[in-house]
There are 2 protein chains.
Amino acid sequence: MAFKDLDPLLHNQLRLSIISLLIGVESAEFKYLLDKTEATRGNLSVQITKLKDAGYVDVKKTFRNNYPLTTCKITAKGVDAFEKYVDAISGYLNK
Amino acid sequence: MAFKDLDPLLHNQLRLSIISLLIGVESAEFKYLLDKTEATRGNLSVQITKLKDAGYVDVKKTFRNNYPLTTCKITAKGVDAFEKYVDAISGYLNK
DNA sequence: ATAAATTAGTTTATTCTATAAACCTAATTA
DNA sequence: TAATTAGGTTTATAGAATAAACTAATTTAT
């Protein structure tokens with residue numbers, strides 16, 4: 001029972017929160033993720049970008065009521081990575 | 001269901017491996033942890049020291065066959081922290 | 001009309017962390 | 001006596017995390 005590698009991208013509290021939230025919904029707005037994670041805007045912005053660059057989430061930038069609106073949606077790749085992560089870390093948890 | 005904080009000390013692959021291994025045994029030698037984790041000696045040494053400084057493990061330094069021998073044992077505080085960590089991260093995993 | 005505050009983020013600068021590489025001391029073997 | 005091995009520790013550097021500062025436009029108050 002060797003330890004499996006933990007995807008460094010997901011092994012981060014905020015990014016894991018984001019993915020965890022996105023798993024449960026069709027898509028989520030920046031503000032929604034901000035409220036749920038209680039992160040700072042800057043940190044949230046950075047971590048969303050990393051997840052986007054990895055292909056784990058799709059980010060759509062539009063406008064609503066004249067204000068910018070950022071919407072995030074987990075990709076198939078993201079779902080897959082999350083499932084692998086859950087499987088891997090489970091190996092660390094059950095003694 | 002807010003996200004609980006993940007103890008930064010345990011939210012690290014190698015340190016979590018160490019604790020995970022120590023949970024299952026009475027005590028473990030440096031070499032044993034080295035083999036099981038497949039870490040470098042340097043990194044293992046550093047991370048054991050951090051766990052010791054946090055009071056999560058007791059480290060005993062003796063000699064065997066004239067060679068230094070480092071033995072690690074998880075403390076009650078370490079067990080407690082691990083259980084809290086398992087509880088916290090579980091909240092991220094089940095969608 | 002213009003100053004102040006709000007929305008919705010991004011960029012940057014700094015601190016913190018992780019890790020490999022280098023090092024150390026003593027013992028053993030060639 | 002010179003490598004090699006055992007069993008680690010220390011340090012140097014790269015990378016990651018995050019708060020603070022910034023951008024750009026909109027709305028509200030004066």
Side-chain angles (χ1 to χ4, degrees), chain A residues 3 5-22 27-54 56-73 81 85 88-89 92, chain B residues 3 5-22 27-54 56-73 81 85 88-89 92:
Chain A
F3 292 107
D5 277 343
L6 298 173
D7 183 345
L9 214 76
L10 293 187
H11 197 58
N12 163 272
Q13 184 154 341
L14 181 49
R15 287 193 299 269
L16 191 58
S17 302
I18 295 168
I19 289 291
S20 179
L21 287 166
L22 291 181
S27 71
E29 297 174 9
F30 189 94
K31 184 64 161 61
Y32 174 83
L33 296 174
L34 191 64
D35 291 345
K36 289 289 186 180
T37 62
E38 295 174 11
T40 60
R41 289 166 192 280
N43 195 11
L44 183 59
S45 175
V46 167
Q47 306 310 333
I48 287 175
T49 298
K50 286 186 184 178
L51 291 170
K52 185 199 67 179
D53 290 349
Y56 288 6
V57 305
D58 277 337
V59 178
K60 228 159 273 177
K61 277 161 192 303
T62 58
F63 281 86
R64 183 174 58 189
N65 305 330
N66 293 327
Y67 284 113
L69 176 69
T70 299
T71 310
C72 303
K73 181 171 164 49
Y85 179 83
I89 198 156
Y92 291 76
Chain B
F3 292 108
D5 278 344
L6 299 173
D7 183 344
L9 213 76
L10 293 187
H11 197 57
N12 163 272
Q13 184 154 339
L14 181 48
R15 287 193 300 268
L16 191 58
S17 302
I18 296 167
I19 290 292
S20 179
L21 287 166
L22 292 181
S27 71
E29 297 174 10
F30 189 94
K31 184 63 161 59
Y32 174 83
L33 296 174
L34 191 65
D35 291 344
K36 288 289 187 179
T37 62
E38 295 175 10
T40 61
R41 289 164 192 280
N43 196 12
L44 183 58
S45 174
V46 168
Q47 307 310 334
I48 287 174
T49 299
K50 286 185 184 178
L51 291 171
K52 186 200 68 179
D53 290 349
Y56 288 6
V57 305
D58 277 338
V59 177
K60 226 158 275 176
K61 276 159 192 304
T62 57
F63 282 86
R64 184 174 56 189
N65 304 330
N66 293 328
Y67 284 115
L69 177 69
T70 298
T71 309
C72 303
K73 183 172 163 48
Y85 178 82
I89 198 156
Y92 292 76

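Everything quoted here is computed from the prediction, not taken from an experiment. Chain naming here is simple, since letters A, B, ... match the order of the sequence lines and numbering starts at 1 in each.
- Residue contacts for B:Leu69: at a heavy-atom cut-off of 4.0 Å it reaches the sugar-phosphate backbone alone, with no base atom in range.
- Within the 4.0 Å cut-off from OP1 or OP2 of D:dT18, not a single side-chain nitrogen or oxygen of A:Thr40 is found.
- Between the CG atom of A:Leu10 and the C1' atom of D:dA16 there is a distance of 15 Å, given to the nearest Å.
- Of the candidate nucleotides D:dT27, D:dG8, C:dA20, C:dA20 has the atom lying nearest to any side-chain atom of B:Val46.
- At the phosphate of C:dA18, OP1 or OP2 sits under 4.0 Å from a side-chain N or O atom of B:Lys50.
- Using a 4.0 Å heavy-atom cutoff across all strands shown, A:Asn66 reaches sugar-phosphate atoms only and no base atom.
- No side-chain heavy atom of A:Thr70 sits less than 4.5 Å from a side-chain heavy atom of A:Glu29.
- One interatomic measurement links the two molecules: NE2 of B:His11 to P of D:dA16, which rounds to 14 Å at whole-angstrom precision.
- Nearest heavy atom pair, residue A:Ala88 against residue A:Asp5, reads CB-O, 3.8 Å.
- B:Asn43 places its CG atom 12 Å from the P atom of C:dA21, with the value rounded to the nearest Å.
- At whole-Å resolution of the value, CG in A:Asp35 and C1' in C:dT7 are 13 Å apart.
- Residues A:Tyr56 and A:Asp7 bring a donor and an acceptor atom of their side chains to less than 3.5 Å of each other.
- Set against C:dT28, D:dT18, D:dT11, the side chain of A:Gln47 has D:dT18 as its closest nucleotide.
- The CG atom of B:Leu16 sits 12 Å away from the P atom of C:dA18 (whole-angstrom rounding).
- Using a 4.0 Å heavy-atom distance criterion, A:Leu44 is classed as making no nucleic acid contact.
- Annotation: side chain of B:Leu16 is not in contact with side chain of B:His11 (no heavy-atom distance under 4.5 Å).
- At least one side-chain nitrogen or oxygen of A:Asn12 sits closer than 4.0 Å to the OP1 or OP2 atom of D:dA17.
- Residue A:Phe30 is classed as a sugar-phosphate contact, given heavy-atom separations below 4.0 Å to backbone atoms only.
- Out of D:dT9, C:dA18, D:dT26, the shortest distance to the side chain of B:Arg15 is found at C:dA18.
- If you check every strand for non-hydrogen atoms under 4.0 Å, A:Arg64 touches nothing.
- Nearest-nucleotide positions on DNA chain D for B:Thr71 and A:Leu14 put B:Thr71 closer to the 5' end.
- For A:Ser45 and C:dG9, the shortest distance from a side-chain N or O to OP1 or OP2 is not below 4.0 Å.
- Each of C:dT10, D:dT5, C:dA8 was ranked by its minimum atom distance to the side chain of A:Lys61; first place goes to C:dT10.
- Map A:Pro68 and B:Arg41 each onto its nearest nucleotide of DNA chain C; the residue landing nearer the 5' end is A:Pro68.
- Within the structure, every side-chain polar atom (N or O) of A:Lys31 is placed at least 4.0 Å from both OP1 and OP2 of C:dT6.
- For B:Ser20 against A:Tyr92, the heavy-atom pair with the smallest separation is OG-O, 3.0 Å.
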